[in-house]
J.: 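I'd like to ask some things about the structure below.
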Amino acid sequence: MNTNDHASGEFSEDQAKDPAGWRFDNSYARLPEVMYSRLSPVPVRSPRMAVFNAGLAEYLGLNADLLAGEEGVAIFSGNRLPSGAEPLAQAYAGHQFGYFTMLGDGRAILLGEQITPRGERFDIQFKGSGQTPFSRRGDGRAALGPMLREYIISEAMHALGIPTTRSLAVVTTGEPVYRESELAGAILTRVASSHIRVGTFEYQASQGDPELIRILAGYTLQRHFPELEDAENPPLALLRAVMERQAALVAKWMLVGFVHGVMNTDNMALSGETIDYGPCAFMDAYDPATVFSSIDQQGRYAYGNQPRIAGWNLTRFAETLVPVLDAHQEQAVTMANDLLESFSGLFRDQWLMGMRAKLGLFTDEDEDLDLIQDLLTLLHQQRLDYTNSLRDLAAEHPEQLPSFKGEAFTKWLPRWQSRLDRQSQPRQAVRESMLAHNPAVIPRNHRVEEALEAAVTRNDMGVMQRLLDVLARPFEDPEDQNYRLPPPASAPAYKTFCGT
Ligand code: AMP
Ligand code: MG
């Protein structure tokens, strides 16, 4: 992950000695005050730890033993502030389903930036910690189910090697939240390279002062792309770098069948990490039109639309930069457009590279795209499971697998096999590489639901813990092969809801 700068040596003795290991350096809190609002989390009645990520805590330089107990409950509920925290809610805007809105952290609070022992910098943020000036009509709270869901899926994404925000802890608050029904309240502690979103720039742009954009662009470069700070045109370099990260990120989503579900510009992080696990879900049978979110009725954020939507969001980002790209606005627009045009190619290159790896191709041939597309068409037509089909191709005799029967497959298979013959790698190396690029387990929707059901209605965290253990090693065949199974054909179509 990406961090900069002068982390060490700036800390007082007190902070260095903090028993829990907190070591904050809050650079965001030093930005102009229009960009956020300072306030503390609202205390909660009777917090309890639901799940704590000891491995991540240690990575962050925190004392996992101490924070697994009462100290952690007090901290991660917002009832006690860690030393060095400077809590604030960030201002941002965003295009939601295409329409511009003023938003901001309505139920989130940034505690500060933890500096890890390696000198990396991570935002520590609460989600569900009470109302803020940006809450609009919301209660500022979150329910246990959706927070555990974010914990499971974000940690699964991390294990799959996909850049993502992570989850440090979920506590229950002991207070109800009211949605369609009364639910248990909870707070998630989210860890991110930063929470700078496309929508953060849109908010500053809406203030009508180009200086704010210049400051935020400089800050983003310093925080995520320090090597570009001395570029000839830093804002243009920022746009290019953000596009590259998004191309790589969305390609990775596509390669594992991840459907984000709510790719609004406020849910696109400039760090290139996946953020906002509301209605996301993994595709089972291959179908580009796959949509899980109950509110996405037009399929705007369907699986197959994600690259195009990323490009749309980046265009909104570029628009915010126009005032600082060039003194001549027409020239600035031309520069931005020229760059934006390259996005679909950037994405395609990343995706093709990833698909080649999934098919065990070590070299590049012009016909690879056709070979891949024809396989996907075949999966689509035969409603085959995306994840398992690709993993199964790594078998010694894929032609013997029952899911690969039929004329289309018997035509495709020899094309792929002769393609493998045109490279020097032996089949054993091909199969090993394929197993390292095609996960055996993804967070299957019915398994996630089962874990949440046990946790939320029966207070049984065991199902979730076992699922988390399997998801932590997604490229290993699980002992219990049932974790690989798609939902039974009789299961109703899976629907997700925004976790508000
Ligand atoms: P999201 O759908 O999670 O991306 O959130 C969109 C916006 O709604 C953000 O500004 C959130 O802070 C805000 N929001 C979502 N849920 C709540 C809530 N329960 N209370 C206040 N604001 C909320
Ligand atoms: Mg959001």
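Quick caveat, the model's predicted, so the values are computed rather than measured. As the structure lists them, so they are numbered: ligands from 1, and atoms in each ligand from 1.
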J.: Looking only at heavy atoms of Gln90, does any of them come nearer than 4.0 Å to an atom of ligand 1?
T.: no

J.: Measuring centre to centre across the rings, with the benzene-like ring taken for any Trp, is Tyr28 within less than 6.0 Å of Tyr219?
T.: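 Yes, the ring centres sit under 6.0 Å apart.
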
J.: Considering the heavy atoms of Arg141, write down every atom of ligand 1 situated less than 4.0 Å from one of them.
T.: 19 (N)

J.: Trp351 vs Phe347 aromatic rings, parallel, tilted or perpendicular, using cut-offs 30° and 60°?
T.: parallel

J.: Distance under 4.0 Å to a non-hydrogen atom of Gly138: what atoms of ligand 1 satisfy this?
T.: 20 (N), 21 (C)

J.: Given that the side chain starts at C-beta and the backbone is N, CA, C, O, which of these parts of Val262 lies under 4.0 Å from ligand 1, counting heavy atoms, or is it both or neither?
T.: neither

J.: When you check the gap from the basic side-chain N to the acidic O, do Glu71 and Arg80 get nearer than 4.0 Å?
T.: yes

J.: Taking atom types as modelled and ignoring hydrogens, do the side chains of Arg245 and His224 form a donor-acceptor contact shorter than 3.5 angstrom?
T.: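 No.
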
J.: Looking at non-hydrogen atoms alone, which of Ser135, Gly140, Ala143 comes nearest to atom 20 (N) of ligand 1?
T.: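 Going through Ser135, Gly140, Ala143 one by one, Gly140 has the nearest heavy atom to atom 20 (N) of ligand 1.
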
J.: Can you sort out which atoms of ligand 1 are near Arg179, meaning under 4.0 Å from one of its heavy atoms?
T.: 19 (N)

J.: Which of the atoms of ligand 1 are close to Asp266, meaning less than 4.0 Å from one of its heavy atoms?
T.: 4 (O)

J.: Is any N, O or S atom of Asn264 under 2.8 Å away from the Mg ion (ligand 2)?
T.: no

J.: Side chains of Gln90 and Tyr203: donor-acceptor distance under 3.5 Å anywhere?
T.: no

J.: Check contact between Gly104 and ligand 1, using heavy atoms of the residue and a distance below 4.0 angstrom.
T.: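 Under 4.0 Å: yes for Gly104.
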
J.: When you measure from atom 9 (C) of ligand 1 to each heavy atom in Tyr92, Phe134, Tyr277, which option holds the nearest one?
T.: Tyr92

J.: Looking at Asp105, which atoms of ligand 1 are within less than 4.0 Å of one of its heavy atoms?
T.: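 So the atoms of ligand 1 that pass are 12 (O).
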
J.: Just checking, is any N or O donor in the side chain of Ser194 or Ser271 under 3.5 Å from an acceptor N or O on the other one?
T.: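 There is no such pair (donor and acceptor under 3.5 Å, judged by atom type) between the side chains of Ser194 and Ser271.
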
J.: For a quick check under 3.5 Å, do Arg316 and His95 share a side-chain donor-acceptor pair by atom type?
T.: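 Side-chain D/A pair, Arg316 to His95: absent.
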
J.: Do NZ/NE/NH1/NH2 and the carboxylate oxygens of Arg444 and Asp385 come within less than 4.0 Å?
T.: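 Yes, charged N to carboxylate O under 4.0 Å.
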
J.: Check if Arg136 has a non-hydrogen atom at a distance under 4.0 Å from any atom of ligand 1.
T.: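 In this structure, Arg136 qualifies as a contact of ligand 1 - some heavy atom is under 4.0 Å.
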
J.: By number and element, which atoms of ligand 1 are closer than 4.0 Å to a non-hydrogen atom of Leu103?
T.: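 Taking each heavy atom of Leu103 in turn, ligand 1 has 7 (C), 10 (O) under 4.0 Å.
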
J.: For ligand 1, is Ala108 a contact, meaning one of its heavy atoms is under 4.0 Å away?
T.: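 No, Ala108 has no heavy atom closer than 4.0 Å to ligand 1.
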
J.: Using a strict cut-off of 4.0 Å, indicate which atoms of ligand 1 neighbour a heavy atom of Gln96.
T.: 6 (C)

J.: For Asn267, take its heavy atoms, then give the atoms of ligand 1 lying under 4.0 Å from any of them.
T.: 4 (O)

J.: Hey, is CG on Asp338 packed in by over 12 heavy atoms from elsewhere, all under 6.0 Å?
T.: yes

J.: Closest to the Mg ion (ligand 2), which N/O/S atom of Asp276 is it?
T.: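 Within Asp276, restricted to N, O or S, the Mg ion (ligand 2) is closest to atom OD2.
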
J.: Heavy-atom contact under 4.0 Å between Arg137 and ligand 1?
T.: no

J.: Within the structure provided, determine whether Pro87 and Leu81 are in side-chain contact (heavy-atom separation under 4.5 Å).
T.: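 They are in contact (side-chain heavy atoms under 4.5 Å apart), so the answer is yes.
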
J.: Is Arg179 paired with Asp139 through a side-chain N to carboxylate O contact shorter than 4.0 Å?
T.: yes

